[in-house]
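Structure record follows, encoded as structure tokens.
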Amino acid sequence: MVQSSVLGFPRIGVLRDLKKANEAYWADKISQADLLAEGKRLRLAHWKIQKDAGVDIIPSNDFAHYDHVLDHIQLFNAVPERYTSQKLAPIDEYFAMGRGHQKGGVDVPALEMVKWFDSNYHYVKPTLQDNQTFSLAKDPKPVREFLEAKEAGFVTRPVLVGPVSFLALGKADRGSSVNPITLLDKLIPVYVELLKALKAAGAESVQIDEPILVFDLAPEVKAAFKPAYEAISTLGSAAPSVVVATYFGDIVHNFDVLPAFARVQGLHIDLVRNPEQLEPVLKQLGPKQILSAGVVDGRNIWKNDFQKSIALVKTAIAALGADRVIVSTSSSLLHTPHTLTSEKKLPAEVYDWFAFATEKTKEVAILAKAVTNPEAVRAELDANAATIKARSESTRTNDPKVKERQAKVTPEQHNRKSHFDTRYAQQKAHLKLPLFPTTTIGSFPQTQEIRVQRNKFTKGDISEAQYDEFIRKEIDLAVQIQDELDLDVYVHGEPERNDMVQYFGERLTGYVFTTHAWVQSYGSRCVRPPIIVGDISRPLPMTVKESKYAASISKKPMKGMLTGPVTCLRWSFPRNDVHQSVQCQQLALALRDEVVDLEKNGIFVIQVDEPALREGLPLRKGSERDAYLKWAVDSFKLATAGVEDSTQIHSHFCYSEFQDFFHAIAALDADVLSIENSKSDAKLLKVFIDEDYPRHIGPGVYDIHSPRIPSEDEFKQRISEMLQFLRPDQLWINPDCGLKTRKWDEVKGALTHMVNAAKYFREQQ
Ligand code: GLN
Ligand code: ZN
């Protein structure tokens with residue numbers, strides 16, 4: 001019999017219950033007991049969903065109140081002393097590491113949080129000391145939750161982050177210089193103890209995640225697998241059997257590590273992302289080892305194509321026999337929304353194309369039956385085939401006009417008419433900007449009043465005309481304040497935008513939106529990405545009305561503001577039936593029309609934001625990364641190159657570490673780049689001199705994430721540091737990012753100092 005399994009289930013709950021409980025606890029509105037009870041309620045509900053779906057192998061310890069890597073930091077007593085010394089209750093110490101703690105005389109910042117591989121989930125980085133020790137926490141969470149499930153009648157497979165990934169994903173704490181992987185010897189005995197405790201509690205099998213196997217690994221990290229897994233897999237009947245799970249990539253380039261796993265029960269691989277690794281992996285397995293075939297996508301919301309998955313699983317069965325194959329999700333379902341049944345407003349046609357986490361648990365169960373006994377699930381198979389066919393033939397999916405336009409895209413369309421020098425000469429004459437021009441990144445404070453009016457408009461309580469009138473007043477205010485501040489290039493402030501991707505998605509064909517499809521981003525923060533379902537086009541201008549109005553009342557150049565094609569793609573659920581480069585090019589063509597329309601309407605400075613360009617970078621160096629950079633850069637250029645030389649194209653990035661892809665940033669050929677820089681060393685700007693970067697740059701001069709208003713002297717100090725690395729004629733003066741999360745008095749205070757500092761340097765020249 002082929003079994004079915006799920007690698008992890010979303011924790012947040014059907015109505016973002018966990019978010020609400022956590023936030024209520026943080027605000028002292030519910031007790032610790034209430035919070036923990038809510039966690040338990042969610043775990044039980046999620047196990048029941050999977051059991052009812054018919055899943056054979058159900059995970060436990062996949063739940064976390066904040067983050068599962070953070071759970072392990074506590075589990076291994078690897079909590080830095082600045083937290084333990086506060087003597088907080090365990091759950092408060094845990095949240096203190098996740099989000100900082102400023103209460104009752106205690107003031108500790110959070111540990112660093114970073115993106116989980118190439119997903120939009122963020123994990124808390126294990127932060128380790130030179131003299132780090134590890135020990136197993138009292139009442140270890142994986143054991144506790146296994147027993148909790150067992151008591152409620154669910155047999156589960158606990159999930160652990162593997163020892164090598166745990167260390168390799170960590171870092172040395174401030175003041176320490178330890179290479180985390182060298183701590184392996186100290187960590188292994190704790191895993192051994194934990195595995196024995198799980199076995200004693202009744203666990204027959206565990207899932208140990210080693211996702212770093214999809215990376216290019218340093219030799220010392222590669223070498224760590226052997227001692228780790230020898231210790232873990234030679235415990236015999238004293239420990240559960242171990243399935244090592246990898247996801248988000250292929251492991252073929254790390255095959256030399258596989259002997260380390262010779263004695264584990266089996267391997268899990270991601271066959272959604274890399275189906276071609278199936279055959280080579282099958283050849284590597286030992287004579288009794290099992291393969292967990294990740295065929296149901298843990299990262300996207302599409303209904304599984306059963307026919308394709310069955311073919312893959314059957315290949316595995318042919319090689320191994322049915323008893324040695326498990327049908328599984330490609331990764332944890334953490335990255336998908338809870339259930340499709342919450343969506344009451346989706347068009348019926350597209351509703352039938354989706355499967356969220358709850359529906360995916362049914363898919364693995366059906367697939368496990370289908371591969372050996374299709375007749376038992378004939379109705380499900382037929383319905384699935386009908387859906388896949390309907391989707392592929394839908395007019396929503398296929399727009400011949402879009403395809404025709406894509407077929408006609410020429411290389412020339414990616415390039416501006418002239419070289420930067422010629423463009424700049426014209427822009428200078430046309431825009432008449434001073435040295436060290438000052439500007440902002442786009443948004444101004446999204447006040448309570450803006451949210452209230454937007455809500456009223458969405459609910460139909462006010463008319464479109466009333467809402468437009470309100471937006472115009474907000475733009476009036478933004479322009480008036482910029483007059484007072486004496487900025488050089490204005491923005492309209494983006495009061496009409498809820499979100500930088502959804503706003504555009506709502507104005508493009510090819511997108512649909514959900515009402516409840518939240519996905520955890522970090523801690524209690526969730527995002528609700530729009531879904532690209534079909535070929536994308538722009539029926540009407542999207543931003544011209546607001547920008548044109550803003551320009552009409554402003555005496556200085558008004559900057560048009562768009563979200564770039566790569567960011568629109570990355571912050572949506574993309575289609576899985578055409579390559580992402582194709583979707584990105586469609587977005588680029590739609591934006592190109594918008595850019596040209598803005599120019600026609602008197603907007604001669606246009607900023608196209610690409611904050612997500614970097615996160616799309618494939619995890620490994622090499623051909624895949626090069627291909628991504630090519631199509632991502634091409635999309636940006638296609639979107640922006642349709643304008644005259646005298647129109648100035650800006651782009652914005654929320655980071656400043658360009659070392660690994662400086663050439664891509666340079667290849668965008670944007671006239672002006674604004675980047676985040678205030679919290680980094682100004683030395684990072686050196687790359688621009690070293691590489692002889694000819695165009696203009698605005699490295700953020702202050703941190704917009706903080707309410708703090710820097711003094712004029714701090715601005716001057718920062719600007720003089722920047723001038724060590726950039727030419728005076730090259731430097732723009734602007735904040736790190738948009739100002740939507742700030743209050744107006746903070747914005748006015750900071751920008752007044754910023755403008756004064758710019759003027760000071762202008763006078764020096
Ligand atoms: N123009 C956007 C804003 O100012 C940019 C946001 C971002 O970079 N994430 O809000
Ligand atoms: Zn930004």
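For the numbers below, each heavy atom of this structure counts, side chains included, while hydrogens, waters and symmetry mates do not. Counting convention: from 1, in listed order, for ligands and their atoms alike.
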What residue pairs, at least two apart or across chains, pass ring pair (Phe, Tyr, Trp, His ring centres under 6.0 Å) with a residue in residues 700-730?
Tyr702-Phe715

Give the ring-plane orientation class for Tyr628 versus Trp631, where under 30° counts as parallel, over 60° as perpendicular and anything between as tilted.
perpendicular

Could you pull out the closest heavy-atom pair between Phe604 and Glu599, with the gap in Å?
CE2-O, 3.7 Å

Close N or O approach (Trp571, ligand 1; < 3.5 Å)
no

Does Arg620 reach the main-chain N or O of Gly249 with its side chain, forming a donor-acceptor pair under 3.5 Å?
no

Identity and separation of the nearest protein heavy atom to atom 6 (C) of ligand 1:
Met500 SD, 3.5 Å

Does one side chain, of His122 or Arg525, offer a donor that lies under 3.5 Å from an acceptor on the other?
no

Please list, in number order, the atoms of ligand 1 under 4.0 Å from a heavy atom of Gly442.
4 (O)

For ligand 1, which atoms have a heavy atom of Gly738 less than 4.0 angstrom away?
3 (C), 4 (O), 10 (O)

Side-chain donor/acceptor of Ser547 to backbone N/O of Val544, under 3.5 Å
no

Numbered atoms and elements of ligand 1 in range of His652, under 4.0 angstrom, heavy atoms:
8 (O)

Main chain of Ser674, side chain of His652: is a donor-acceptor contact present, judged purely on distance under 3.5 Å?
yes

With a cut-off of 4.0 Å, which atoms of ligand 1 are near a heavy atom of Lys740?
10 (O)

closest protein heavy atom to atom 3 (C) of ligand 1 is Ser443 OG, 3.3 Å

Between Gln585 and Ser635, do the side chains contain an N or O donor and an N or O acceptor separated by less than 3.5 Å?
no

Between Phe117 and Phe215, what is the ring plane arrangement, given parallel below 30°, perpendicular above 60°, and tilted in between?
parallel

Can you confirm, on distance only, whether ligand 1 has an N/O atom lying under 3.5 Å from any N/O atom belonging to Cys654?
no

Using a cut-off of 2.8 Å, find all protein N, O or S atoms closer to the Zn ion (ligand 2) than that distance.
His652 NE2, Cys654 SG, Cys737 SG

Look at atom 5 (C) of ligand 1 and say which protein heavy atom is nearest, naming residue and atom and giving the distance to 0.1 Å.
Asp609 OD2, 3.3 Å

Show which atoms of ligand 1 fall inside a sub-4.0 Å distance from at least one heavy-atom site of Glu494.
1 (N), 2 (C), 3 (C), 4 (O), 10 (O)

Which atoms of ligand 1 sit under 4.0 Å from any heavy atom of Ile441?
1 (N), 4 (O)

Any side-chain donor-acceptor pair under 3.5 Å between Thr563 and Asp609?
no

Describe, in one word, how the ring planes of Tyr511 and Phe513 are oriented to each other, choosing from parallel (under 30°), tilted (30 to 60°) and perpendicular (over 60°).
parallel

